[in-house]
Undergrad: 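Can you keep this structure in mind? I'll have questions shortly.
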Amino acid sequence: MDHFLYRGGELFAEEVAISEIAAKVGTPFYVYSTATLTRHYRLFDEALEGMPHLVCYAMKAASNQAILKVLAGLGAGMDVVSGGEYARAKAAGVPGDRIVFSGIGKTRDEMRLALLGGVRQFNIESEPEMAVLSEVAAGMGVTVPVTVRVNPDVDARTHAKIATGKSENKFGIPIARARAVYARIAALPGLEAIGIDVHIGSQLTELEPFRQAYEKVAELTELLRADGHDIRRLDLGGGLGIPYERSNQAPPLPTEYGALIRQVLGHLGCEIEIEPGRLIAGNAGVMIAEVIYVKSGEGRDFLILDGAMNDLIRPAMYGAHHDIIPVIEPAPGIEQQPYDIVGPVCESGDTFARARMMPPLKGGDLVAFRGAGAYGAVMASEYNTRPLIPEVLVNEHQFAVIRPRPTYDEMINRDKIPVWLNDPPC
Ligand code: LLP
């Protein structure tokens, strides 16, 4: 459920008409709902009730400071994968002991940043990384809690570009090597192994792959404990999918996911961490664009929008489906027609949907891309020198721009001309 609904014939974000935001901010833009973010965070938190746990929002999904503040205010931890994300989490007021540092290529500088500012744990992804973290932490005279991300060789049955739990993927340490790796950690200064980490992929639409992975983690927990390691925390990653197509069967709910965790891992008495990103932010945001032209082609009509692949890359990159709905509610029973929905970028890949059935639309009409809150704004670029589009946050009847659209001058002035190009030729 989200808070983008038609009221009196037009789309609202909570209590605010989308058309009102569009008039103030201009299109295209992203708009997020505080109520939906809150609801989704709480669904996870409640699903794990009764087990010690922390929901660490995977902020790669949407990392605007205002969004982080909403979630941090509810008690969320953060899963970060770069020094930049760590700095963003800290800037939003998240205490270090609620920040989990994931990612397969952490640099020494990133490690130092988090060790200085405080960190809940590092999730180690390789043996070379383990050695470097030991050296950096010991050099700073600290001992840092760590988990090892194990690769359970489980098929997440999701899009190949976002599956991470098979042995051919670059992530984690093969689970068969885990005991040897934990033994090495025990012998290294600066590291204390406190748990196990696993993340098998994103946009999972069934629970079975999670079950397979978590059963392997349960077994490994027992083995490592028998080896003398005090395994007391399990980081189970993110990955629960969202319903991108309203007409399709919905993925499992956080309550079902929580029940699975309890069933497979509850008896171990570990503190549970999860790292959901998409399910918290995805349906908490929509992208609004305006129809610039309707162009009749051969055997098809194109809806040319002012939003493009640089603003929302998921369809071009993953062939992803986003429901696209008109901001003015279509009259009941109105006949729909197929459109190819495209942006203005100079690539044929800049296509959001082909032969999508829509009510008749004309230049000036607004459309909303549903499910755009996660991996939308964060993956945007300024390709074609198109300014990054604004982000807006709604809270009941209020709205605020939480990232303004840069001006052309701001964009251009980021470039610096080397002196030899400035000097007049003599
Ligand atoms: N934890 C780790 C270690 C991850 O790599 C990810 C996502 C998450 C948590 C959060 O997963 P989620 O709950 O959001 O599924 N750009 C792609 C998605 C990439 C996901 C990368 N890792 C997309 O637009 O579909």
Side-chain angles (χ1 to χ4, degrees), residues 30 37 40-41 43-44 47 54-63 67 71 76-82 85 89 99-106 120-126 129 147-152 156-166 169-173 195-207 209-210 213 234-244 251-254 257 272-285 287 309 311-322 352 369-381:
Y30 281 100
L37 287 168
H40 289 166
Y41 167 76
L43 283 177
F44 279 116
L54 184 67
V55 178
C56 296
Y57 169 61
M59 57 180 276
K60 61 170 75 70
S63 56
I67 292 175
L71 295 169
M78 298 288 154
D79 170 57
V80 309
V81 291
S82 68
E85 285 196 348
I99 304 178
V100 169
F101 210 130
S102 302
I104 71 153
K106 300 174 204 80
R120 180 179 180 80
Q121 92 218 14
F122 277 92
N123 293 336
I124 292 177
E125 293 237 12
S126 69
E129 183 198 7
T147 72
V148 173
R149 177 169 175 181
V150 291
N151 185 325
R157 296 188 217 144
T158 184
H159 192 285
K161 284 188 181 153
I162 53 176
T164 56
K166 287 288 283 173
N169 303 129
K170 65 182 176 181
F171 299 95
I173 286 169
I196 305 172
D197 172 42
V198 70
H199 170 80
I200 56 171
S202 194
Q203 185 56 16
L204 272 70
T205 52
E206 33 182 351
L207 289 181
F210 286 119
L234 300 177
D235 180 338
L236 303 176
L240 195 57
I242 63 170
Y244 278 108
L253 300 171
Y257 175 64
I272 301 293
E273 286 168 358
I274 52 170
E275 303 168 348
R278 189 189 311 268
L279 202 144
I280 290 180
N283 282 331
M287 184 180 82
M309 65 188 287
D311 306 312
L312 177 63
I313 202 167
R314 301 193 69 260
M317 189 151 173
Y318 313 109
H321 174 104
H322 285 265
F352 290 119
F369 286 71
R370 302 188 61 98
Y375 307 112
V378 284
M379 294 182 78
S381 75

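On a predicted model such as this, the values are computed, not experimentally measured, just so you know. Reckoned from all heavy atoms, side chains included, excluding hydrogens, waters and symmetry mates. Note that ligands are numbered from 1 as they come in the structure, with each ligand's atoms numbered from 1 the same way.
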Undergrad: Any nitrogen or oxygen of Met379 lying under 3.5 Å from a nitrogen or oxygen in ligand 1? Just yes or no.
TA: no
Undergrad: Are the side chains of Phe210 and Leu240 in contact, using a 4.5 Å heavy-atom criterion?
TA: yes
Undergrad: Within a strict 4.5 Å, meaning less than it, do heavy atoms of the Tyr57 and His40 side chains meet?
TA: no
Undergrad: Under 4.0 Å from a heavy atom of Ala58: which atoms of ligand 1 are those, numbered in the order shown and with their elements?
TA: 8 (C), 9 (C), 10 (C)
Undergrad: Ignoring hydrogens and angles, tell me if any N or O in the side chain of His159 forms a donor-acceptor pair with the backbone of Tyr318 under 3.5 Å.
TA: yes
Undergrad: Can you confirm whether Ile200 sits close enough to Val198 that some side-chain heavy atom of one is under 4.5 Å from a side-chain heavy atom of the other?
TA: yes
Undergrad: Of all the atoms in ligand 1, which lie at a distance below 4.0 Å from a heavy atom belonging to Gly277?
TA: 12 (P), 13 (O), 14 (O)
Undergrad: Within the 4.0 Å heavy-atom shell around Arg278, which atoms of ligand 1 are there?
TA: 12 (P), 13 (O), 14 (O), 18 (C), 23 (C), 25 (O)
Undergrad: Indicate yes or no: does an N/O atom of Gly239 lie under 3.5 Å from an N/O atom of ligand 1?
TA: yes
Undergrad: Are any of the side-chain heavy atoms of Gln121 and Asp235 separated by less than 4.5 Å?
TA: yes
Undergrad: So is Ala374 in contact with ligand 1, going by heavy-atom distances below 4.0 Å?
TA: no
Undergrad: Within the 4.5 Å heavy-atom criterion, are Phe171 and Arg149 side-chain neighbours or not?
TA: yes
Undergrad: Can you tell which of Phe44, Tyr318, Tyr244 gets a heavy atom nearest to atom 23 (C) of ligand 1?
TA: Tyr318
Undergrad: Is it the side chain (CB and beyond), the backbone, both or neither of Asn123 that lies under 4.0 Å from ligand 1, heavy atoms counted?
TA: neither
Undergrad: Decide whether the shortest distance between a heavy atom of Leu279 and an atom of ligand 1 is less than 4.0 Å.
TA: no
Undergrad: Is the backbone N or O of Gln203 less than 3.5 Å from a side-chain atom of Thr158, with the two atoms forming a donor-acceptor pair by type?
TA: yes
Undergrad: In the protein, which heavy atom is nearest to atom 20 (C) of ligand 1, and how far is it?
TA: Tyr375 OH, 3.6 Å
Undergrad: Counting N and O atoms only, with roles assigned by atom type, does the side chain of Thr164 sit under 3.5 Å from a partner on the main chain of Gly201, one being a donor and the other an acceptor?
TA: yes
Undergrad: Return the residue, atom name and 0.1 Å-rounded distance of the protein heavy atom closest to atom 15 (O) of ligand 1.
TA: Ser202 OG, 2.4 Å
Undergrad: Atom 1 (N) of ligand 1: which protein heavy atom is closest, and how many Å away?
TA: Glu275 OE1, 2.6 Å
Undergrad: Heavy-atom distance under 4.5 Å between the side chains of Tyr375 and Met317, does that happen here?
TA: no
Undergrad: What is the closest protein heavy atom to atom 21 (C) of ligand 1, and at what distance does it sit?
TA: Lys60 CD, 3.8 Å
Undergrad: With distance as the sole test, does Tyr257 use its side chain to make a donor-acceptor pair with the main-chain N or O of Phe44 at under 3.5 Å?
TA: no
Undergrad: Could you tell me the residue and atom name of the protein heavy atom closest to atom 8 (C) of ligand 1, and the distance to it rounded to 0.1 Å?
TA: His199 CE1, 3.4 Å
Undergrad: Should you measure from each heavy atom of Asp79, which atoms of ligand 1 turn up under 4.0 Å away?
TA: 1 (N), 9 (C)
Undergrad: Among all protein heavy atoms, pick the one closest to atom 19 (C) of ligand 1 and tell me residue, atom and distance.
TA: Ile162 CG2, 3.7 Å
Undergrad: Can you tell me the protein heavy atom closest to atom 24 (O) of ligand 1 and the distance?
TA: Arg314 NE, 2.6 Å
Undergrad: Got a salt bridge between Glu85 and Lys60, using NZ or NE/NH1/NH2 to carboxylate O under 4.0 Å?
TA: no
Undergrad: Taking C-beta and beyond as the side chain, do Met78 and Leu71 meet within less than 4.5 Å on heavy atoms?
TA: yes
Undergrad: Of all the atoms in ligand 1, which lie at a distance below 4.0 Å from a heavy atom belonging to Pro276?
TA: 13 (O)
Undergrad: Determine whether any heavy atom of Arg149 lies closer than 4.0 Å to an atom of ligand 1.
TA: yes
